[in-house]
Amino acid sequence: MKYYRNLSWVSSVFAYEIGQDSISVEYDSGARYLYTFASAGRNNIETMKALALRGEGLRSFIRKQVEGKHARVED
């Protein structure tokens with residue numbers, strides 16, 4: 001996992017891991033959500049990857065576009 005830069009200082013995203021066709025997002029609660037092309041769509045995953053690398057906007061995008069579209073949750 002790579003630490004999320006959180007440039008806005010208000011995100012609950014703690015870390016992320018980018019895969020070929022997925023992104024795993026870990027929150028400060030410790031819960032980890034896996035989003036895949038199959039669960040959330042290719043365009044959404046590619047956008048999430050770009051936001052994660054930028055360090056800003058990821059949680060907002062998840063809340064607005066892919067909330068509930070995760071493949072699995074790990075606590």
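Since this is a predicted model, take the numbers as computed values, not measurements. Below, each value reflects all heavy atoms present in this structure, side chains not excepted, and no hydrogens, waters or symmetry copies. Numbers here are sequence positions counted from 1.
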Nearest non-hydrogen partners of [X] and [Y], listed with the distance:
{"X": "Gly57", "Y": "Tyr4", "answer": "N-OH, 3.3 Å"}
{"X": "Tyr3", "Y": "Tyr16", "answer": "O-CE2, 3.9 Å"}
{"X": "Tyr27", "Y": "Phe14", "answer": "C-CB, 3.8 Å"}

Intermediate values then yes/no, side-chain contact (heavy atoms from CB on, under 4.5 Å), Leu34 and Ser22:
CA-CA 7 Å; Leu34 175 67; Ser22 65; 3.9 Å; yes
Supply the atom-to-atom distance Ile18 CD1 to Lys2 NZ, rounded to the nearest 0.5 angstrom.
7.5 Å
Roughly how far apart are Glu26 CD and Met1 CE, rounded to 0.5 Å?
4.5 Å
Thr47 (side chain) donor-acceptor with Asn43 (main chain) under 3.5 angstrom:
yes
Check: Asn44 main-chain N/O paired with Tyr35 side-chain donor or acceptor under 3.5 Å:
no
Minimum side-chain heavy-atom gap Ile45-Asp21 below 4.5 Å:
no
Under 3.5 Å, which donor-acceptor pairs do the side chains of residues 59-73 form with other protein atoms, sequence neighbours left out?
from  : atom 1 : to    : atom 2 : distance (Å)
Arg72 : NE     : Glu74 : OE2    : 3.0
Arg72 : NH2    : Glu74 : OE2    : 3.3

Residues in side chain to side chain contact (heavy atoms under 4.5 Å, CB included) contact with Glu56, at least two apart in sequence or another chain
Leu7, Ser8, Arg54
Derivation of the side-chain contact (heavy atoms from CB on, under 4.5 Å) call for Val25 and Arg32
CA-CA 5 Å; Val25 178; Arg32 187 186 297 182; over 6 Å; no
